[in-house]
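Some notes on the structure that comes next.
All values below were derived from every heavy atom in this structure, side-chain atoms included, with hydrogens, water molecules and symmetry-related copies excluded.
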Amino acid sequence: MPGRGRTPRWRLLLRYLLLLAVLALTVGPFLWQLSTSLKGPGEDIYRYPPSLIPGHLTFGNYAGVAEIIPVWDFALNSLKVAAANVLTNCAGAALAGYALARMRFRGRRTALVVFIMAMLVPVESIMIAQFVTMRELQLNNTLIGVLLPACIGAMNVLLMRNAFAGLPYEVEEAAFVDGANAWQRFVRIALPSVKGTLAVVAIFAFMGAWDDFLWPLIVLSDQSKFTLTVGLNFLHGTFADNQRLVAAGTVIAVLPLIVMFACLQRYFFRGVGEGAVKG
């Protein structure tokens with residue numbers, strides 16, 4: 001029938017209103033921080049009604065952050081930890097996920113259950129044990145000590161396992177008949193087919209390492225080794241009255257995440273669905 005299946009206008013209007021509300025709740029705080037970081041000292045950031053457009057645009061607040069704390073050194077430390085976290089998670093999760101999905105060995109089901117149970121354990125409950133371990137290994141106050149506990153995440157292993165399990169097995173069987181060993185099948189056949197899930201793992205690993213605050217705060221004591229989140233905490237505590245500098249520091253911390261997601265977004269959305277339907 002003509003017009004059948006057409007969505008009523010009031011439903012479309014309701015959907016768009018809900019989308020706008022969600023957009024305001026998620027993007028609104030960042031836009032407010034960005035606007036505050038660009039406002040000059042003569043502007044009232046607490047005015048009502050609030051204004052998102054700066055009356056006197058200035059980038060001096062970003063320079064002010066760098067003058068107060070060594071923000072770029074902190075950012076470099078965070079970048080080192082985050083980049084290493086991406087490499088270790090992508091490599092380790094891919095290898096472990098392929099073994100759980102494709103290889104047959106005694107204890108495979110037990111290992112899978114262990115990874116699932118590891119996701120259920122709150123990080124705060126094992127943080128003391130992690131700190132003692134780092135101290136015994138003499139890795140306290142080092143960036144390696146910051147990296148090591150999260151170098152391979154259980155969630156990432158399960159994501160890779162599901163992605164590999166969703167691939168058709170016939171292609172690997174043909175490669176096995178042709179004489180390819182497990183390593184060759186992994187590198188040449190399986191891994192190129194799950195690039196999307198690898199991008200998801202990379203984004204999650206980078207975000208987790210870049211945004212982590214509590215663990216670096218516990219394990220680091222030398223200011224020269226502070227990560228960006230820990231370093232910006234000094235900005236909050238010492239210059240809480242100057243919200244423009246706090247906002248500028250927040251934008252500096254968030255910007256690399258936005259850039260990374262913008263570069264990997266096409267792989268991210270493709271990777272979310274990988275492994276959902278088994279071949």
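- Using a 4.5 Å heavy-atom cutoff, the side chains of Phe213 and Thr227 are not in contact.
- Both Trp215 and Leu137 belong to a single network of hydrophobic side chains, linked directly or stepwise wherever heavy atoms of I, L, V, M, F, W or Y lie under 4.5 Å apart.
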**Item:** Residue pair Val132, Arg135: steps toward the side-chain contact (heavy atoms from CB on, under 4.5 Å) verdict
**Value:** CA-CA 5 Å; Val132 173; Arg135 185 179 62 185; 4.1 Å; yes

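- Side chains of Met160 and Leu198 form a contact here, defined as non-hydrogen atoms less than 4.5 Å apart.
- Contact check for Met117 versus Val113: side-chain heavy atoms found under the 4.5 Å cut-off.
- For the residue pair Ala154 and Ala118, the shortest heavy atom distance occurs at CB-CB, 4.0 Å.
- In this structure, Glu136 contributes its side chain and Thr133 its backbone to no donor-acceptor pair below 3.5 Å.
- Using a 4.5 Å cut-off between side-chain heavy atoms of Ile, Leu, Val, Met, Phe, Trp and Tyr, with links allowed through other members, Leu228 and Val259 fall into different hydrophobic clusters.
- Atoms OH and CG, from Tyr62 and Leu255 in turn, are 8.0 Å apart once rounded to the nearest 0.5 Å.
- Other residues, nucleotides and ligands place no more than 12 heavy atoms under 6.0 Å from the CZ atom of Arg188.
- The environment of Ile144 atom CD1 is sparse: at most 12 non-hydrogen atoms of other residues, nucleotides or ligands sit within 6.0 angstrom.
- The shortest side-chain heavy-atom distance between Thr229 and Asp212 does not fall under the 4.5 Å cut-off.
- Within the 4.5 Å cutoff, the side chain of Leu159 has heavy atoms near those of the Phe204 side chain.
- Checked against side-chain contact (heavy atoms from CB on, under 4.5 Å), Val254 has the following partners two or more places apart in sequence or in another chain: Phe30, Thr250, Ile258.
- Here the CD1-CG distance, from Ile189 to Leu167, works out to 10.0 Å after rounding to the nearest 0.5 Å.
- Among residues at least two apart or in separate chains, side-chain hydrogen bond (donor to acceptor under 3.5 Å, both in side chains) pairs with a member in residues 71-97 are Asn85-Asn89, Asn89-Asn156.
- Note: Met134 CE to Gln130 CD = 7.0 Å, rounded to the nearest 0.5 Å.
- Nearest heavy atoms, Leu139 versus Leu148: CD1-CD2, 3.9 Å.
- Leu12 contributes atom CG, which lies 11.0 Å from atom CG of Leu17 (distance to the nearest 0.5 angstrom).
- Residue-environment remark: CE (Met155) stays at or below the threshold of 12 foreign heavy atoms within 6.0 Å.
- If you take CG on Leu95 and CE on Met103, they are separated by 10.5 Å, rounding to the nearest 0.5 Å.
- A heavy-atom distance below 4.5 Å is found between the side chains of Phe206 and Leu79.
- Contact check for Val146 versus Leu220: side-chain heavy atoms found under the 4.5 Å cut-off.
- Between Phe74 and Gln223 the shortest heavy-atom distance is CE2-O, 3.2 Å.
- Among residues two or more places apart in sequence or in another chain, the side-chain contact (heavy atoms from CB on, under 4.5 Å) test is passed with Ser35 by Lys39, Leu52, Pro54.
- Here the closest non-hydrogen pair linking Leu232 and Ala253 is CD1-CB, 3.8 Å.
- Take Ser224 and apply the side chain to side chain donor-acceptor pair (under 3.5 Å) test, not counting sequence neighbours, and it matches Asp222.
- Taking Arg102 as the reference, Glu172 meet the side chain to side chain donor-acceptor pair (under 3.5 Å) condition, with sequence neighbours excluded.
- The minimum heavy-atom distance between Phe164 and Ala94, with the atom names listed, is CE1-O, 3.3 Å.
- Val123 and Val230 fall within a single hydrophobic cluster, where Ile, Leu, Val, Met, Phe, Trp and Tyr side chains are chained together by heavy-atom contacts under 4.5 Å.
- Around atom OH of Tyr16, no more than 12 heavy atoms belonging to other residues, nucleotides or ligands sit under 6.0 Å away.
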**Message:** Val157 vs Ile152, test: side-chain contact (heavy atoms from CB on, under 4.5 Å). Steps then yes/no.
**Reply:** CA-CA 8 Å; Val157 172; Ile152 300 178; 3.8 Å; yes

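- A chain of hydrophobic side-chain contacts below 4.5 Å, direct or via other Ile, Leu, Val, Met, Phe, Trp or Tyr residues, connects Leu143 to Leu214.
- The hydrophobic cluster containing Leu100 does not contain Val114, counting ILVMFWY residues as joined when their side-chain heavy atoms lie under 4.5 angstrom apart, directly or transitively.
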**Message:** Pair Tyr98, Arg185 - check side-chain contact (heavy atoms from CB on, under 4.5 Å), show working.
**Reply:** CA-CA 10 Å; Tyr98 184 79; Arg185 297 197 302 272; 3.7 Å; yes

**Request:** Verify side-chain contact (heavy atoms from CB on, under 4.5 Å) between Leu158 and Leu112, making sure each step is shown before the conclusion.
**Result:** CA-CA 8 Å; Leu158 294 178; Leu112 182 60; 3.5 Å; yes

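- Counting heavy atoms from C-beta outward, Pro216 and Phe226 have side chains that stay 4.5 Å or more apart.
- Evaluation of the ring pair (Phe, Tyr, Trp, His ring centres under 6.0 Å) rule for Trp183 yields Phe186 as partners, not counting sequence neighbours.
- Distance check: Leu13 CG to Trp10 CH2 gives 10.5 Å after rounding to the nearest 0.5 Å.
- When all heavy atoms of Val187 and Pro192 are compared, the closest pair comes out as O-CD, 3.2 Å.
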